[in-house]
Amino acid sequence: MTKLKIIIATTLVALISSCNTKVTKTTEIKTEEHQHSTDQNIELNNGEKWKVDSNMLLHIRNMEKDVVAFESNNVKDYQLLATKLNQNIDLLTSNCTMKGQAHNELHKWLVPFIELVKNFSGADSTEQFTEIQHSFKIFNQYFQ
């Protein structure tokens, strides 16, 4: 349990520091350049999907592949999937290179996704897994 808390804390610190943000009690992320909260709706880029930097997209696609593989696997090792997702979140946030509105919109997806994974870690919950799957559907609606 202590290792899990350390992984979660490390993930959040990496996310926060890589994007020069700070998290307040209201789960609102603020910087000098932008502000958004986790309850805002993601918007398209003038009707088009936002482009995610390739070095960041790699980690998102790795997580998506892990989720798809987990779904088809007969043995449901929730802890292993949670570990893989957290590792890719760490890599994603430590390689944050995006700026501007695309960055802001990605955060609207990423912050709730990180919270889903945090709650999923170690849980034997098909409901939480379904929410993670749905999160990737949302991602693919707004990002490429």
Side-chain angles (χ1 to χ4, degrees), residues 3-73 76-144:
K3 287 182 181 179
L4 179 59
K5 289 180 183 178
I6 291 170
I7 290 170
I8 292 169
T10 303
T11 300
L12 290 175
V13 168
L15 172 66
I16 293 165
S17 63
S18 68
C19 296
N20 295 324
T21 61
K22 64 179 176 181
V23 177
T24 66
K25 231 13 178 174
T26 61
T27 67
E28 191 171 28
I29 298 174
K30 297 179 181 182
T31 70
E32 296 170 10
E33 298 172 26
H34 66 275
Q35 173 179 327
H36 55 269
S37 67
T38 57
D39 63 346
Q40 290 180 326
N41 293 327
I42 302 170
E43 298 176 15
L44 288 170
N45 183 13
N46 297 317
E48 301 292 323
K49 293 181 181 182
W50 294 98
K51 180 147 178 58
V52 177
D53 289 353
S54 60
N55 62 326
M56 295 175 67
L57 187 60
L58 171 71
H59 304 296
I60 294 168
R61 294 299 180 214
N62 285 341
M63 288 187 287
E64 187 174 32
K65 287 177 190 174
D66 288 338
V67 168
V68 169
F70 182 86
E71 180 181 25
S72 63
N73 194 344
K76 301 295 184 203
D77 188 343
Y78 290 90
Q79 183 60 46
L80 178 60
L81 177 60
T83 299
K84 287 180 177 182
L85 293 174
N86 276 310
Q87 288 170 343
N88 275 291
I89 288 171
D90 287 343
L91 292 168
L92 172 68
T93 57
S94 66
N95 287 294
C96 181
T97 56
M98 293 178 63
K99 303 249 186 273
Q101 192 61 32
H103 172 264
N104 296 350
E105 297 302 319
L106 182 61
H107 264 259
K108 291 179 188 178
W109 174 81
L110 184 59
V111 172
F113 179 78
I114 289 172
E115 192 65 26
L116 278 174
V117 172
K118 181 177 99 174
N119 293 331
F120 177 72
S121 296
D124 182 16
S125 172
T126 54
E127 182 180 324
Q128 288 171 321
F129 178 71
T130 301
E131 290 178 31
I132 289 171
Q133 288 176 303
H134 179 71
S135 183
F136 281 107
K137 288 178 184 175
I138 292 171
F139 176 84
N140 288 314
Q141 271 183 290
Y142 292 95
F143 302 97
Q144 58 182 357

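Positions are given from 1 along the sequence.
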Excluding sequence neighbours, so at least two apart, what forms side chain to side chain donor-acceptor pair (under 3.5 Å) with [X]?
{"X": "Asp77", "result": "none"}
{"X": "Gln101", "result": "Glu105"}
{"X": "Thr130", "result": "none"}

Can you confirm whether [X] sits close enough to [Y] that some side-chain heavy atom of one is under 4.5 Å from a side-chain heavy atom of the other?
{"X": "Gln128", "Y": "Leu116", "result": "no"}
{"X": "Ile42", "Y": "Leu106", "result": "no"}
{"X": "Leu92", "Y": "Met63", "result": "yes"}

With sequence neighbours left out, write down each residue that passes side-chain contact (heavy atoms from CB on, under 4.5 Å) with [X], or none if nothing qualifies.
{"X": "Asp66", "answer": "Leu81, Lys84, Asn88"}
{"X": "Ala102", "answer": "Trp50, Met98"}
{"X": "Glu127", "answer": "Ser125, Glu131"}
{"X": "Asn55", "answer": "Asp53, Asn95, Thr97"}

Atom pair CG/CG of Asn62 and Leu91 - distance to nearest 0.5 Å: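 CG of Leu91 is found 8.5 Å from CG of Asn62.
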Could you check whether any side-chain N or O of Asn73 sits under 3.5 Å from a backbone N or O of Ala69, counting only pairs where one atom can act as donor and the other as acceptor?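 Absent.
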Do side-chain atoms of Lys76 reach the backbone of Phe70 as a donor and acceptor pair under 3.5 angstrom?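 Yes.
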Taking the six-membered ring for Trp, are Phe129 and Tyr78 closer than 6.0 Å centroid to centroid?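 No, they do not, as the ring centres are separated by 6.0 Å or more.
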In a table with atom names and distances, give each donor-acceptor pair under 3.5 Å that connects a side chain of residues 132-144 to protein atoms at least two apart or in another chain.
{"unit_1": "Gln133", "atom_1": "NE2", "unit_2": "Glu71", "atom_2": "OE1", "d": "3.3"}
{"unit_1": "Gln133", "atom_1": "NE2", "unit_2": "Glu71", "atom_2": "OE2", "d": "3.2"}
{"unit_1": "Ser135", "atom_1": "OG", "unit_2": "Trp109", "atom_2": "NE1", "d": "2.8"}
{"unit_1": "Asn140", "atom_1": "OD1", "unit_2": "Arg61", "atom_2": "NH1", "d": "2.7"}
{"unit_1": "Asn140", "atom_1": "OD1", "unit_2": "Arg61", "atom_2": "NH2", "d": "3.2"}
{"unit_1": "Asn140", "atom_1": "ND2", "unit_2": "Glu64", "atom_2": "OE2", "d": "2.7"}
{"unit_1": "Asn140", "atom_1": "ND2", "unit_2": "Phe136", "atom_2": "O", "d": "3.0"}

